[in-house]
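Written out below as structure tokens is the structure these notes cover.
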Amino acid sequence: MAETPKISIAELNTAVSGTMVVITDENLAFGPVSKDRLKPTGNLVERIAKIEKFKGARNKVLNLTAPAGMNLEHVLVVGIGNPKDMNAEHWLKLGGTIGGRIPAGARNVTVLAELPSGKLSPEDAAKVALGIKLRAYKFDRYKTKKKTDGDDAKGTPAPQIKIAVADVAAGRKAWSDANGIGDGILLARELVNEPPNVLFPAEFARRASELKKLGVQIEVLDEPAMKKLGMNALLAVGQGSERESRLVVMRWNGAKKKSDTPVAIVGKGVCFDTGGISIKPAAGMEDMKGDMAGAACVTGLMHALAARKAKANVIGVIGIVENMPDGKAYRPGDILKSYSGQTIEVINTDAEGRLVLCDALAYTNERFKPKLIIDLATLTGAILVALGQEHAGLFSNDDKLADRLIEAGKVTGETVWRMPLGPAYDKMIDSKFADMKNTGGRYAGSTTAAQFLQRYIGKTPWAHLDIAGTGMAAHNTEIGDSWGPGWGVRLLNELIAAHYEK
Ligand code: BES
Ligand code: MN
Ligand code: ZN
């Protein structure tokens, strides 16, 4: 499929043309409308299923091209296995699977969103639509040669996709929300995918400022403003770069009570991380354009919340810098006075994310007194060693918040795994010359990074998500092959929807 599809909600008995998608279970049973539509084909589905050994397992697809008796180009029969095992994430992935099988050049696609037993909930139908939307995303802006066929065909017109549901009004409402979340995810993907010569801090801040259109209040702090506030840790990281640093505050005030204490989400936005004077090896350094995935998630989340008019007060704060080595760059040995007043001895200029976050966190905590703070950061290579790309590392001073995040992870499939914190780890970052040092040695690298952050959040319930593994260089899944997955938007949207709205 090429180009962004236009997805809309229609009546279950809407007219179909082009491609029809029907859902079947492990018994090859169909919903009443689908069954009726397939009647003219006789027992074609059963015969082909037998030949192809198609048993209706989840995410398996049978493609009937130009089936006799129907004026259609394709019928896609999509398996869900046992309907009782289908959860929200499975419906999303089913949508992604359908999206991946839409024939190149298809103009019209209708998905009959019904279960063999009858109705599919509007929310689950909207998840199918969202899966199709996410699967269709391609970051190909910088490719000048158009491919004309295949899955990544460029320039083919966007297909019109109808999701046919039993209750159109409820379906439209559910899709309107899901579509807003989808746009937030795609924004986060786009920001992570953009090259670092295009997406530098001021440009990131400009793109975040576009959320004004959705009713998000935006403040952008430039270097003089941050200097005045004493954000010397964040500023030190950016001082070796030709590009100026920024801090962006985004506010969505959707709660019924405007004075409700907000939830705050803080993101690491290192637009490019060379390591600075403690420079990184050349191999794979290009991936460090994704070192702003935390900030991208925060921005995408704010988009999602505003687009679906979430009934919550949420503050998003992103610290955006570029970590470069030059004559003005900060050095190992430097001692920095952070916004909080605490001093930091720099041991390694490649441990820059915590320096950006400590000022962003302390500022957010002091200014907004939020009911909780969650930060997201591509903080340590060590979290990749521990958890790979399957879970983000979760560190928290609050069991309730941690449990809620773990639960939201299970619901969305953006899973998190809790890691330890404690005084023995905290001691590892004590410094001979200052209040703390910015690295804790070889062992427990992800935890000592989290201990560093914890020194800046006081008693506020706080969770830190180390997304170095999940936030970039994603592998292909049903819902897309984008290098930047937009990880965390669904997780935090779910957390807020489940616990902090109304
Ligand atoms: N941005 C990196 C962490 C990272 C590594 C993200 C791989 C994504 C993939 C971070 O700034 C960093 O360089 N961390 C150092 C910390 C060390 C110097 C204590 C690391 O993990 O090696
Ligand atoms: Mn680094
Ligand atoms: Zn980094």
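Whatever order the structure lists ligands and atoms in, that order sets their numbers, starting from 1.
Using a 4.0 Å cut-off between heavy atoms, V270 makes no contact with ligand 1 at all. With a 4.0 Å cut-off on non-hydrogen atoms, K268 touches ligand 1 through its side chain and not its backbone.
Annotation for ligand 1: atoms under 4.0 Å from non-hydrogen atoms of M472 are 8 (C). Annotation for ligand 1: atoms under 4.0 Å from non-hydrogen atoms of N348 are 18 (C). Those atoms of ligand 1 that come under 4.0 Å of a heavy atom in E352, given as number and element, are 11 (O).
Residues R490 and E89 are not paired through a salt bridge, judged by the lack of any N-O separation under 4.0 Å between the basic side chain and the carboxylate. Electrostatic pairing of K138 and D481 counts as a salt bridge here, judged by a charged N lying under 4.0 Å from a carboxylate O. Contact check on R206 versus E203 returns a salt bridge, with a Lys/Arg side-chain nitrogen under 4.0 Å from an Asp/Glu carboxylate oxygen.
Of the protein's heavy atoms, T439 CG2, 3.6 Å lies nearest to atom 19 (C) of ligand 1. The protein atom (non-hydrogen) at minimum distance from atom 2 (C) of ligand 1 is D273 OD2, 3.6 Å. For atom 20 (C) of ligand 1, the closest non-hydrogen atom of the protein is G381 N, 3.9 Å. For atom 16 (C) of ligand 1, the closest heavy atom belonging to the protein is R354 NH2, 3.9 Å. With respect to atom 7 (C) of ligand 1, the closest heavy atom belonging to the protein is M288 CE, 3.8 Å. Nearest to atom 10 (C) of ligand 1 among the protein's heavy atoms is L379 O, 3.3 Å. In terms of protein heavy atoms, atom 12 (C) of ligand 1 is closest to D350 O, 3.2 Å.
Side-chain contact annotation: N348 with T439, donor-acceptor N/O pair under 3.5 Å absent. N179 and K133 are linked by a side-chain donor-acceptor pair at a separation below 3.5 angstrom, with hydrogens and angles left out of the test. Looking only at atom types and distance, the side chain of Y330 has no donor-acceptor partner in the side chain of E352 under 3.5 Å away. A donor and an acceptor atom, one from each side chain of Y456 and E366, are nowhere located under 3.5 Å apart. Donor-acceptor pairing under 3.5 Å is lacking for the side chains of N323 and T274.
Sorting the N, O or S atoms of E352 by how far they are from the Zn ion (ligand 3) puts OE2 first. When distances from the Zn ion (ligand 3) to the N, O or S atoms of D291 are compared, OD2 comes out shortest. As for D273, its N/O/S atom nearest the Mn ion (ligand 2) is the one called OD2. Minimum-distance N/O/S atom of D273 relative to the Zn ion (ligand 3): OD2.
In summary, of the residues considered (D350, D291, D287), a salt bridge (charged side-chain N to carboxylate O under 4.0 Å, His left out) with K280 occurs for D350 alone.
With 2.8 Å as the limit, D291 does not count as an N, O or S neighbour of the Mn ion (ligand 2). Under 2.8 Å from the Zn ion (ligand 3) lies no N/O/S atom of L379, from backbone or side chain alike.
In this structure, atom 14 (N) of ligand 1 has protein heavy atoms in its sub-4.0 angstrom surroundings.
A donor-acceptor contact shorter than 3.5 Å is absent between the side chain of T460 and the backbone of W462.
Between V249 and R367 the shortest side-chain heavy-atom distance falls below 4.5 Å. The side-chain heavy atoms of R243 and F204, taken from C-beta on, include no pair separated by under 4.5 Å.
When rounded to 10 degrees, the angle formed at the Mn ion (ligand 2) by OE1 (E352) and OD1 (D350) equals 120°.
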